[in-house]
Amino acid sequence: MNTTPDSGHIGVKAPYRVAPDTYVIPELVPGPPGAYVTLNSMVITGAEPVIVDTGNELSRYEWMEAAFSIVDPADVRWIFLSHDDHDHIGNLPAVLDACPQATLVTNWFTVERTVRAMTLPLDRMRWVNPGEAFDAGDRTFVAARPPIFDSPTTRGLFDSKTGVYWAADSFASLL
């Protein structure tokens with residue numbers, strides 16, 4: 001997939017498959033002059049579908065359209081937040097509303113840091129710290145601290161079935 005901006009178009013691009021049942025939702029936003037920043041998220045369509053990070057609020061319509069072109073929101077069972085930066089939780093309230101069967105997987109510190117920005121459904125949450133896991137039917141996901149991180153809430157996500165590791169912003173770079 002070509003992720004180079006065409007004619008100045010910036011925003012959510014078409015999702016693409018990176019492993020069985022695993023799709024990246026790429027997004028480009030303007031960065032420093034002449035550069036772009038990638039704000040990616042992921043959808044895993046296994047037995048119990050998972051959304052990993054919820055994208056940038058400024059691109060809500062496009063992000064929701066891209067995510068739900070991969071999975072029906074009624075089928076989503078898990079929403080995993082890698083950390084609480086706005087480009088990772090921007091669409092969280094809308095995704096929670098659209099996915100009534102989903103459990104939000106995060107940690108207590110994320111709740112503490114976002115309490116003034118949004119109301120989180122404590123009755124639909126599971127707190128998972130680095131080294132802890134949760135079962136999603138046909139696979140186990142392990143929260144693992146990335147090699148480099150900038151937020152105390154950051155946890156990557158390792159998929160035991162595919163070997164895919166979501167490293168949050170660990171390898172982020174300007175384009």
Side-chain angles (χ1 to χ4, degrees), residues 1-19 21-45 49-73 76 78-99 102 104-107 109-120 141 143-159 162 164-175:
M1 173 182 178
N2 180 4
T3 58
T4 305
D6 54 346
S7 305
H9 177 73
I10 302 167
V12 176
K13 302 291 188 177
Y16 61 93
R17 187 172 167 258
V18 294
D21 304 325
T22 309
Y23 300 84
V24 168
I25 301 172
E27 182 174 0
L28 291 173
V29 298
Y36 296 89
V37 178
T38 57
L39 306 177
N40 298 331
S41 51
M42 191 164 62
V43 174
I44 302 166
T45 61
V50 180
I51 292 176
V52 180
D53 292 333
T54 65
N56 175 12
E57 181 179 15
L58 298 175
S59 301
R60 176 167 293 155
Y61 174 80
E62 294 86 358
W63 187 91
M64 300 278 281
E65 186 176 80
F68 299 136
S69 74
I70 301 166
V71 64
D72 185 319
V76 174
W78 304 96
I79 301 165
F80 179 87
L81 297 180
S82 65
H83 61 296
D84 59 0
D85 286 351
H86 289 285
D87 57 318
H88 296 264
I89 67 168
N91 295 313
L92 182 58
V95 173
L96 285 165
D97 286 345
C99 303
L104 176 59
V105 180
T106 188
N107 55 32
F109 201 21
T110 295
V111 175
E112 184 176 313
R113 287 171 43 118
T114 60
V115 71
R116 291 189 178 149
M118 64 184 68
T119 302
L120 297 176
F141 289 101
R145 183 96 49 204
I148 301 169
F149 56 93
D150 65 350
S151 170
T153 65
T154 302
R155 292 140 324 117
L157 187 66
F158 177 75
D159 180 345
T162 64
V164 170
Y165 176 63
W166 182 257
D169 292 337
S170 187
F171 302 104
S173 64
L174 300 177
L175 303 173

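Excluded from the calculations below are hydrogen atoms, water molecules and symmetry mates; all remaining heavy atoms, backbone and side chain alike, are included. Computed from a predicted model, the values in this text were never measured in an experiment.
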Could you give the distance from [atom1] ([X]) to [atom2] ([Y]), rounded to the nearest 0.5 Å?
{"X": "I25", "Y": "N56", "atom1": "CD1", "atom2": "CG", "value": "12.5 Å"}
{"X": "L58", "Y": "N91", "atom1": "CG", "atom2": "CG", "value": "9.0 Å"}
{"X": "W63", "Y": "E27", "atom1": "CH2", "atom2": "CD", "value": "10.0 Å"}
{"X": "T45", "Y": "D72", "atom1": "OG1", "atom2": "CG", "value": "12.5 Å"}
{"X": "T153", "Y": "H83", "atom1": "OG1", "atom2": "NE2", "value": "6.5 Å"}
{"X": "L28", "Y": "L39", "atom1": "CG", "atom2": "CG", "value": "8.0 Å"}

Test of understanding: with salt bridge (charged side-chain N to carboxylate O under 4.0 Å, His left out), list the residues that count as partners of [X], not counting sequence neighbours.
{"X": "D159", "result": "R139"}
{"X": "E112", "result": "none"}
{"X": "D87", "result": "none"}
{"X": "D84", "result": "R113"}

Over all heavy atoms of both residues, which pair between [X] and [Y] is shortest? Give the atoms and the distance, please.
{"X": "G156", "Y": "P146", "result": "N-CD, 3.7 Å"}
{"X": "R60", "Y": "G90", "result": "NH2-O, 2.9 Å"}
{"X": "S82", "Y": "H88", "result": "OG-ND1, 3.5 Å"}
{"X": "P26", "Y": "V24", "result": "CD-O, 3.3 Å"}
{"X": "P15", "Y": "S69", "result": "CG-OG, 4.2 Å"}
{"X": "I89", "Y": "P93", "result": "O-CD, 4.2 Å"}

Hey, does [Y] have a side-chain heavy atom less than 4.5 Å from the side chain of [X]?
{"X": "V95", "Y": "I51", "result": "yes"}
{"X": "L120", "Y": "L104", "result": "yes"}
{"X": "D53", "Y": "M42", "result": "no"}
{"X": "F80", "Y": "R155", "result": "yes"}
{"X": "Y23", "Y": "V18", "result": "no"}
{"X": "L92", "Y": "M118", "result": "yes"}

Sequence neighbours left out, what passes side chain to side chain contact (heavy atoms under 4.5 Å, CB included) with [X]? Give chain and number order.
{"X": "E65", "result": "Y61"}
{"X": "A19", "result": "T22, T162, V164"}
{"X": "A144", "result": "Y165"}
{"X": "P73", "result": "F68, A98, C99"}

List the residues meeting side chain to side chain donor-acceptor pair (under 3.5 Å) with [X], not counting sequence neighbours, and say none if there are none.
{"X": "T110", "answer": "T106, N107"}
{"X": "T54", "answer": "none"}
{"X": "N40", "answer": "none"}

After noting the C-alpha distance and the side-chain angles of Y36 and V29, does the key distance pass the side-chain contact (heavy atoms from CB on, under 4.5 Å) rule? CA-CA 6 Å; Y36 296 89; V29 298; over 6 Å; no

Report the residues that fulfil ring-ring contact (aromatic ring centres under 6.0 Å, His included) with W78, sequence neighbours left out, ordered by chain and then residue number. F134

Output, in order, the C-alpha distance, side-chain angles, deciding distance and verdict of side-chain contact (heavy atoms from CB on, under 4.5 Å) for I44 and V52. CA-CA 8 Å; I44 302 166; V52 180; 4.2 Å; yes

